[in-house]
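Structure, as C-alpha coordinates:
Note on naming: letters A, B, ... go to the chains in the order of the sequence lines (proteins, then strands), and numbering restarts at 1 for each one.
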There are 2 protein chains.
Amino acid sequence: MNIKDAVGRANLPAKIIHYYEDVGLIRPLRDPNGYRVSRDSDVHKLGFLGRARALGFTIKDCRVLLSLYEDKARASADVKDIAQRHLDQITQKINALQAMQDTLSHLVTTCHGDTRPECPILADLAPAIPSGQNR
Amino acid sequence: MNIKDAVGRANLPAKIIHYYEDVGLIRPLRDPNGYRVSRDSDVHKLGFLGRARALGFTIKDCRVLLSLYEDKARASADVKDIAQRHLDQITQKINALQAMQDTLSHLVTTCHGDTRPECPILADLAPAIPSGQNR
DNA sequence: CTGCACCTTCCCGCCATGGGAAGATCAAGC
DNA sequence: GCTTGATCTTCCCATGGCGGGAAGGTGCAG
(Lines give C-alpha, C1' and ligand atoms only; values in the text may rest on other atoms or scores of the structure.)
Protein backbone atom coordinates (compact mmCIF):
# COMPACT_ATOMS: atom_id res chain seq x y z
CA MET A 1 0.00 0.00 0.00
CA ASN A 2 1.03 3.61 -0.49
CA ILE A 3 1.85 5.90 2.37
CA LYS A 4 -1.61 7.37 2.70
CA ASP A 5 -3.06 3.99 3.55
CA ALA A 6 -0.21 3.33 5.94
CA VAL A 7 -1.02 6.63 7.59
CA GLY A 8 -4.61 5.58 8.00
CA ARG A 9 -3.77 2.15 9.32
CA ALA A 10 -0.90 3.05 11.61
CA ASN A 11 -2.57 6.23 12.78
CA LEU A 12 0.64 8.16 12.35
CA PRO A 13 1.24 11.22 10.16
CA ALA A 14 3.24 10.75 6.97
CA LYS A 15 6.00 12.96 8.32
CA ILE A 16 6.57 10.55 11.16
CA ILE A 17 6.68 7.58 8.85
CA HIS A 18 9.25 9.34 6.73
CA TYR A 19 11.27 10.12 9.81
CA TYR A 20 11.12 6.59 11.16
CA GLU A 21 12.37 5.32 7.86
CA ASP A 22 15.06 7.97 7.86
CA VAL A 23 16.40 6.80 11.20
CA GLY A 24 16.19 3.19 10.10
CA LEU A 25 13.29 1.97 12.20
CA ILE A 26 11.39 0.75 9.16
CA ARG A 27 12.45 -0.14 5.65
CA PRO A 28 9.44 -0.11 3.36
CA LEU A 29 9.80 -1.32 -0.22
CA ARG A 30 9.78 1.06 -3.15
CA ASP A 31 7.75 1.05 -6.31
CA PRO A 32 9.63 1.76 -9.55
CA ASN A 33 8.26 5.30 -9.39
CA GLY A 34 9.95 5.83 -6.04
CA TYR A 35 6.76 5.61 -3.98
CA ARG A 36 7.00 3.82 -0.67
CA VAL A 37 5.23 0.49 -0.55
CA SER A 38 4.33 -0.42 2.99
CA ARG A 39 3.76 -4.07 3.70
CA ASP A 40 1.51 -5.18 6.52
CA SER A 41 4.66 -5.89 8.50
CA ASP A 42 5.71 -2.27 8.07
CA VAL A 43 2.35 -1.05 9.25
CA HIS A 44 2.62 -3.45 12.13
CA LYS A 45 5.98 -2.01 13.13
CA LEU A 46 4.59 1.49 12.84
CA GLY A 47 1.81 0.56 15.21
CA PHE A 48 4.36 -0.81 17.63
CA LEU A 49 6.40 2.36 17.37
CA GLY A 50 3.39 4.58 17.82
CA ARG A 51 2.45 2.76 20.99
CA ALA A 52 6.01 2.80 22.31
CA ARG A 53 6.32 6.52 21.60
CA ALA A 54 2.97 7.12 23.28
CA LEU A 55 4.46 5.52 26.39
CA GLY A 56 7.29 8.00 26.14
CA PHE A 57 10.07 5.69 25.00
CA THR A 58 12.79 7.51 23.08
CA ILE A 59 13.58 6.64 19.50
CA LYS A 60 16.73 4.99 20.77
CA ASP A 61 14.68 2.82 23.11
CA CYS A 62 12.25 2.09 20.31
CA ARG A 63 15.06 0.81 18.18
CA VAL A 64 16.09 -1.68 20.82
CA LEU A 65 12.54 -2.60 21.76
CA LEU A 66 11.68 -3.25 18.16
CA SER A 67 14.68 -5.50 17.68
CA LEU A 68 13.77 -7.38 20.85
CA TYR A 69 10.20 -7.57 19.64
CA GLU A 70 11.38 -9.31 16.50
CA ASP A 71 13.89 -11.50 18.26
CA LYS A 72 12.03 -14.61 19.29
CA ALA A 73 15.01 -15.71 21.37
CA ARG A 74 15.00 -12.53 23.43
CA ALA A 75 15.24 -12.49 27.20
CA SER A 76 12.34 -10.62 28.74
CA ALA A 77 14.86 -9.22 31.23
CA ASP A 78 16.27 -7.03 28.48
CA VAL A 79 12.86 -5.58 27.77
CA LYS A 80 12.13 -5.11 31.43
CA ASP A 81 15.43 -3.30 31.94
CA ILE A 82 14.60 -0.73 29.34
CA ALA A 83 11.09 -0.27 30.64
CA GLN A 84 12.29 0.03 34.21
CA ARG A 85 14.86 2.68 33.34
CA HIS A 86 12.28 4.59 31.40
CA LEU A 87 9.85 4.30 34.26
CA ASP A 88 12.45 5.70 36.62
CA GLN A 89 12.98 8.67 34.36
CA ILE A 90 9.27 9.29 34.16
CA THR A 91 9.02 9.16 37.91
CA GLN A 92 11.82 11.68 38.20
CA LYS A 93 10.10 13.99 35.76
CA ILE A 94 6.85 13.69 37.65
CA ASN A 95 8.59 14.53 40.88
CA ALA A 96 10.23 17.58 39.36
CA LEU A 97 6.95 18.73 37.87
CA GLN A 98 5.08 18.16 41.10
CA ALA A 99 7.60 20.30 42.95
CA MET A 100 6.88 23.07 40.46
CA GLN A 101 3.19 22.41 40.74
CA ASP A 102 3.28 22.66 44.52
CA THR A 103 5.16 25.92 44.48
CA LEU A 104 3.12 27.43 41.69
CA SER A 105 -0.28 26.43 42.99
CA HIS A 106 0.61 27.93 46.33
CA LEU A 107 1.78 31.16 44.71
CA VAL A 108 -1.23 31.35 42.43
CA THR A 109 -3.70 30.93 45.24
CA THR A 110 -1.84 33.54 47.25
CA CYS A 111 -1.82 36.15 44.47
CA HIS A 112 -4.81 38.46 44.53
CA GLY A 113 -4.87 38.72 40.75
CA ASP A 114 -6.32 42.20 40.64
CA THR A 115 -5.16 45.58 39.37
CA ARG A 116 -2.74 46.16 42.21
CA PRO A 117 0.99 45.58 41.64
CA GLU A 118 1.68 43.57 44.80
CA CYS A 119 2.35 40.03 43.74
CA PRO A 120 3.70 37.13 45.78
CA ILE A 121 4.60 35.32 42.56
CA LEU A 122 7.03 38.01 41.50
CA ALA A 123 8.20 38.30 45.08
CA ASP A 124 9.05 34.62 45.01
CA LEU A 125 10.90 34.94 41.72
CA ALA A 126 12.95 37.86 42.97
CA PRO A 127 16.40 36.67 43.98
CA ALA A 128 17.68 37.16 47.49
CA ILE A 129 20.78 38.88 46.13
CA PRO A 130 21.24 42.37 47.61
CA SER A 131 20.19 44.67 44.81
CA GLY A 132 23.09 47.14 45.12
CA GLN A 133 23.68 49.99 42.76
CA ASN A 134 24.75 49.93 39.15
CA ARG A 135 28.48 49.76 38.54
CA MET B 1 31.94 42.72 36.93
CA ASN B 2 33.06 40.32 34.22
CA ILE B 3 31.06 37.30 33.25
CA LYS B 4 32.83 34.89 35.54
CA ASP B 5 31.71 36.82 38.59
CA ALA B 6 28.21 37.06 37.20
CA VAL B 7 28.26 33.29 36.75
CA GLY B 8 29.24 32.85 40.36
CA ARG B 9 26.66 35.30 41.66
CA ALA B 10 23.73 34.32 39.48
CA ASN B 11 24.52 30.64 39.69
CA LEU B 12 24.05 30.24 35.96
CA PRO B 13 26.60 28.98 33.42
CA ALA B 14 28.17 31.52 31.09
CA LYS B 15 26.49 29.88 28.11
CA ILE B 16 23.11 30.66 29.58
CA ILE B 17 24.03 34.25 30.24
CA HIS B 18 25.16 34.62 26.65
CA TYR B 19 21.93 33.06 25.49
CA TYR B 20 19.74 35.27 27.65
CA GLU B 21 21.50 38.28 26.29
CA ASP B 22 21.14 36.94 22.79
CA VAL B 23 17.37 36.67 23.15
CA GLY B 24 17.22 40.12 24.70
CA LEU B 25 16.41 39.22 28.30
CA ILE B 26 19.41 41.12 29.62
CA ARG B 27 21.57 43.87 28.17
CA PRO B 28 24.84 44.06 30.04
CA LEU B 29 27.26 46.90 29.29
CA ARG B 30 30.47 46.35 27.39
CA ASP B 31 34.00 47.29 28.20
CA PRO B 32 36.05 48.84 25.39
CA ASN B 33 37.67 45.45 24.89
CA GLY B 34 34.29 43.88 24.17
CA TYR B 35 33.99 42.12 27.50
CA ARG B 36 30.56 42.05 29.08
CA VAL B 37 30.19 44.18 32.19
CA SER B 38 27.37 42.94 34.37
CA ARG B 39 25.87 45.42 36.76
CA ASP B 40 24.23 44.27 39.94
CA SER B 41 20.92 44.84 38.21
CA ASP B 42 21.94 42.39 35.49
CA VAL B 43 22.89 39.80 38.05
CA HIS B 44 19.60 40.46 39.76
CA LYS B 45 17.69 39.82 36.55
CA LEU B 46 19.69 36.66 35.98
CA GLY B 47 18.69 35.43 39.40
CA PHE B 48 15.08 36.17 38.59
CA LEU B 49 15.37 34.31 35.32
CA GLY B 50 17.07 31.34 36.90
CA ARG B 51 14.29 31.04 39.44
CA ALA B 52 11.58 31.44 36.80
CA ARG B 53 13.21 28.82 34.59
CA ALA B 54 13.52 26.51 37.59
CA LEU B 55 9.75 26.78 37.94
CA GLY B 56 9.46 25.73 34.32
CA PHE B 57 8.42 29.02 32.77
CA THR B 58 9.35 29.29 29.11
CA ILE B 59 11.71 31.96 27.88
CA LYS B 60 8.70 33.68 26.36
CA ASP B 61 6.98 33.71 29.75
CA CYS B 62 10.17 34.91 31.36
CA ARG B 63 10.28 37.84 29.01
CA VAL B 64 6.81 38.94 30.07
CA LEU B 65 7.36 38.15 33.73
CA LEU B 66 10.54 40.17 33.77
CA SER B 67 8.85 43.16 32.20
CA LEU B 68 6.03 42.91 34.72
CA TYR B 69 8.60 42.56 37.47
CA GLU B 70 10.12 45.85 36.44
CA ASP B 71 6.80 47.57 35.86
CA LYS B 72 5.82 49.04 39.17
CA ALA B 73 2.36 49.84 37.76
CA ARG B 74 1.68 46.24 36.83
CA ALA B 75 -1.55 44.46 37.66
CA SER B 76 -0.92 41.31 39.63
CA ALA B 77 -3.68 39.73 37.55
CA ASP B 78 -1.33 39.71 34.58
CA VAL B 79 1.26 37.81 36.53
CA LYS B 80 -1.31 35.44 37.93
CA ASP B 81 -2.64 34.73 34.45
CA ILE B 82 0.73 33.61 33.21
CA ALA B 83 1.37 31.53 36.28
CA GLN B 84 -2.06 29.94 36.11
CA ARG B 85 -1.65 28.99 32.47
CA HIS B 86 1.75 27.56 33.19
CA LEU B 87 0.37 25.67 36.14
CA ASP B 88 -2.33 24.19 33.93
CA GLN B 89 0.25 23.01 31.45
CA ILE B 90 2.31 21.45 34.20
CA THR B 91 -0.75 19.66 35.48
CA GLN B 92 -1.44 18.35 32.01
CA LYS B 93 2.10 17.10 31.66
CA ILE B 94 1.90 15.42 35.03
CA ASN B 95 -1.32 13.72 34.06
CA ALA B 96 0.17 12.48 30.81
CA LEU B 97 3.27 11.22 32.59
CA GLN B 98 1.24 9.55 35.29
CA ALA B 99 -0.77 7.71 32.68
CA MET B 100 2.49 6.40 31.26
CA GLN B 101 3.72 5.64 34.72
CA ASP B 102 0.61 3.66 35.56
CA THR B 103 0.79 1.62 32.40
CA LEU B 104 4.53 1.06 32.63
CA SER B 105 4.65 0.19 36.29
CA HIS B 106 1.93 -2.36 35.74
CA LEU B 107 3.76 -3.83 32.78
CA VAL B 108 7.09 -3.88 34.56
CA THR B 109 5.72 -5.67 37.58
CA THR B 110 4.01 -8.16 35.33
CA CYS B 111 7.12 -8.97 33.32
CA HIS B 112 9.14 -11.84 34.69
CA GLY B 113 12.39 -10.30 33.58
CA ASP B 114 14.22 -13.54 33.08
CA THR B 115 15.81 -15.35 30.14
CA ARG B 116 12.50 -16.41 28.61
CA PRO B 117 11.11 -14.49 25.67
CA GLU B 118 7.54 -14.10 26.92
CA CYS B 119 7.03 -10.49 27.78
CA PRO B 120 3.83 -8.63 28.61
CA ILE B 121 5.55 -5.35 27.85
CA LEU B 122 6.16 -6.26 24.24
CA ALA B 123 2.71 -7.84 24.11
CA ASP B 124 1.25 -4.51 25.14
CA LEU B 125 3.26 -2.63 22.56
CA ALA B 126 2.17 -4.97 19.79
CA PRO B 127 -0.62 -3.37 17.78
CA ALA B 128 -3.99 -5.04 17.46
CA ILE B 129 -3.76 -4.83 13.68
CA PRO B 130 -4.17 -8.24 12.01
CA SER B 131 -0.66 -9.09 10.96
CA GLY B 132 -1.51 -10.35 7.47
CA GLN B 133 1.00 -11.41 4.90
CA ASN B 134 3.55 -9.31 3.09
CA ARG B 135 2.34 -7.58 -0.04
C1' DC C 1 58.04 38.11 26.73
C1' DT C 2 55.91 34.03 27.84
C1' DG C 3 52.28 31.61 29.47
C1' DC C 4 47.85 31.01 31.04
C1' DA C 5 43.36 32.28 32.37
C1' DC C 6 39.79 34.68 30.64
C1' DC C 7 36.95 36.65 27.18
C1' DT C 8 34.65 36.93 22.52
C1' DT C 9 31.79 35.15 18.48
C1' DC C 10 30.33 31.41 15.66
C1' DC C 11 28.65 27.12 14.32
C1' DC C 12 27.10 22.39 15.12
C1' DG C 13 24.32 18.96 17.79
C1' DC C 14 20.57 17.49 20.59
C1' DC C 15 15.31 15.33 20.22
C1' DA C 16 11.22 14.32 17.68
C1' DT C 17 8.87 16.25 15.01
C1' DG C 18 5.99 20.12 11.89
C1' DG C 19 5.75 23.27 7.92
C1' DG C 20 6.25 24.12 3.48
C1' DA C 21 8.60 24.48 -1.10
C1' DA C 22 9.74 22.39 -5.54
C1' DG C 23 9.07 18.91 -8.46
C1' DA C 24 7.57 14.02 -10.14
C1' DT C 25 3.68 10.88 -10.71
C1' DC C 26 -0.91 8.98 -10.98
C1' DA C 27 -5.77 8.75 -11.98
C1' DA C 28 -9.99 10.69 -13.57
C1' DG C 29 -12.66 13.47 -16.63
C1' DC C 30 -13.13 15.67 -21.11
C1' DG D 1 -4.19 13.44 -25.63
C1' DC D 2 -4.60 17.00 -22.22
C1' DT D 3 -5.68 19.09 -18.05
C1' DT D 4 -6.57 19.06 -13.34
C1' DG D 5 -5.98 17.78 -8.80
C1' DA D 6 -4.60 14.44 -5.54
C1' DT D 7 -0.71 12.10 -4.14
C1' DC D 8 3.91 11.23 -3.80
C1' DT D 9 8.97 12.43 -3.41
C1' DT D 10 13.14 14.91 -1.32
C1' DC D 11 14.99 18.90 0.83
C1' DC D 12 15.64 22.52 3.93
C1' DC D 13 14.16 25.39 7.88
C1' DA D 14 12.17 25.97 12.60
C1' DT D 15 11.07 24.66 17.22
C1' DG D 16 13.33 25.14 22.87
C1' DG D 17 16.93 25.74 25.65
C1' DC D 18 20.65 24.97 25.94
C1' DG D 19 25.92 22.31 25.68
C1' DG D 20 30.37 21.53 23.30
C1' DG D 21 34.06 23.16 21.21
C1' DA D 22 36.86 25.79 17.78
C1' DA D 23 39.34 29.99 16.56
C1' DG D 24 41.01 34.02 18.01
C1' DG D 25 41.51 38.41 21.01
C1' DT D 26 42.76 40.25 25.83
C1' DG D 27 44.64 40.78 30.63
C1' DC D 28 47.80 39.86 33.97
C1' DA D 29 51.59 37.66 36.60
C1' DG D 30 56.22 36.07 36.63
Side-chain angles (χ1 to χ4, degrees), chain A residues 1-38 42-43 45-46 48-66 85-86 89-90 92-93 96-97 100, chain B residues 1-38 42-43 45-46 48-66 82 85-86 89-90 93 96-97 100:
Chain A
M1 73 196 75
N2 281 348
I3 198 167
K4 203 191 184 189
D5 300 312
V7 165
R9 295 236 260 141
N11 204 29
L12 290 176
K15 275 285 187 181
I16 300 289
I17 298 179
H18 291 163
Y19 177 67
Y20 289 174
E21 179 181 0
D22 207 45
V23 299
L25 286 170
I26 54 170
R27 303 191 186 281
L29 302 175
R30 294 287 180 149
D31 260 350
N33 58 15
Y35 286 18
R36 284 170 186 78
V37 175
S38 295
D42 294 317
V43 174
K45 282 189 195 178
L46 287 171
F48 181 94
L49 292 170
R51 175 78 178 135
R53 291 288 303 131
L55 286 180
F57 286 105
T58 64
I59 296 293
K60 204 177 239 177
D61 281 345
C62 287
R63 199 184 306 278
V64 182
L65 287 172
L66 194 53
R85 274 185 235 282
H86 179 44
Q89 289 203 350
I90 286 178
Q92 277 196 3
K93 274 192 191 173
L97 286 171
M100 295 180 193
Chain B
M1 74 195 76
N2 282 348
I3 199 168
K4 203 189 184 190
D5 299 312
V7 165
R9 294 235 261 140
N11 205 28
L12 289 175
K15 275 286 189 183
I16 302 287
I17 298 179
H18 291 163
Y19 177 67
Y20 288 174
E21 179 181 0
D22 207 45
V23 299
L25 287 170
I26 53 170
R27 302 192 187 282
L29 303 175
R30 294 288 180 149
D31 261 349
N33 57 16
Y35 287 16
R36 284 169 187 79
V37 174
S38 296
D42 295 315
V43 173
K45 282 189 196 177
L46 287 171
F48 181 94
L49 293 169
R51 174 76 178 138
R53 291 288 303 132
L55 285 179
F57 286 104
T58 64
I59 295 293
K60 205 177 237 176
D61 281 345
C62 287
R63 201 183 306 278
V64 183
L65 287 173
L66 195 53
I82 295 174
R85 274 186 237 282
H86 179 44
Q89 289 204 350
I90 286 179
K93 274 193 192 171
L97 286 171
M100 296 179 192

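When the P atom of D:dT9 is taken as reference, atom CG of A:D31 falls 10 Å away, rounded to whole Å. Straight-line distance from the CG atom of A:D22 to the P atom of D:dC13: 16 Å, rounded to whole Å. Straight-line distance from the CD1 atom of B:I17 to the P atom of C:dC6: 15 Å, rounded to whole Å. Spacing between atom NZ of B:K60 and atom P of D:dT15 amounts to 10 Å, rounded to whole angstrom units. Rounded to a whole Å, the CZ atom of A:R63 is 12 Å from the C1' atom of C:dA16. Rounded to an integer number of Å, the gap from NE2 of B:H86 to C1' of D:dG16 is 14 Å. In this structure, CD1 of B:I3 is placed 18 Å from P of C:dA5, rounded to the nearest angstrom. As a whole-Å value, the separation of A:R30 CZ from D:dT9 P is 6 Å.
With B:N33 contributing its side chain and B:Y35 its backbone, the two residues share a donor-acceptor pair below 3.5 Å.
For B:N33, no side-chain nitrogen or oxygen approaches OP1 or OP2 of C:dT8 to under 4.0 Å. Checking the phosphate oxygens (OP1, OP2) of C:dC6, a side-chain nitrogen or oxygen of B:K4 falls inside 4.0 Å. Contact between the side-chain N/O atoms of A:H18 and the OP1/OP2 oxygens of D:dT10 is not found at any separation under 4.0 Å. Between B:R36 and C:dT9 there is a side-chain polar atom (N or O) within less than 4.0 angstrom of OP1 or OP2.
Residues A:Y35 and A:Y19 each lie close to DNA chain C; by heavy-atom proximity, the contact nearer the 5' end of the strand is made by A:Y19.
Side-chain to base pairing of B:K15 with D:dG21: one donor and one acceptor N or O lie within less than 3.5 Å of each other.
Residues A:F57 and A:H86 come closest through the heavy atom pair N-NE2, 3.4 Å.
Within 4.0 Å of A:Y20, counting heavy atoms only, lie sugar-phosphate atoms of the nucleic acid but no base atom.
We find the CG-CD1 distance between A:L65 and A:I59 to be 11.0 Å, quoted to the nearest 0.5 Å. Between the CG atom in A:N11 and the CD1 atom in A:I16 there is a gap of 11.5 Å [rounded to 0.5 Å].
More than 12 heavy atoms of other residues, nucleotides or ligands sit less than 6.0 Å from atom CG of B:D5.
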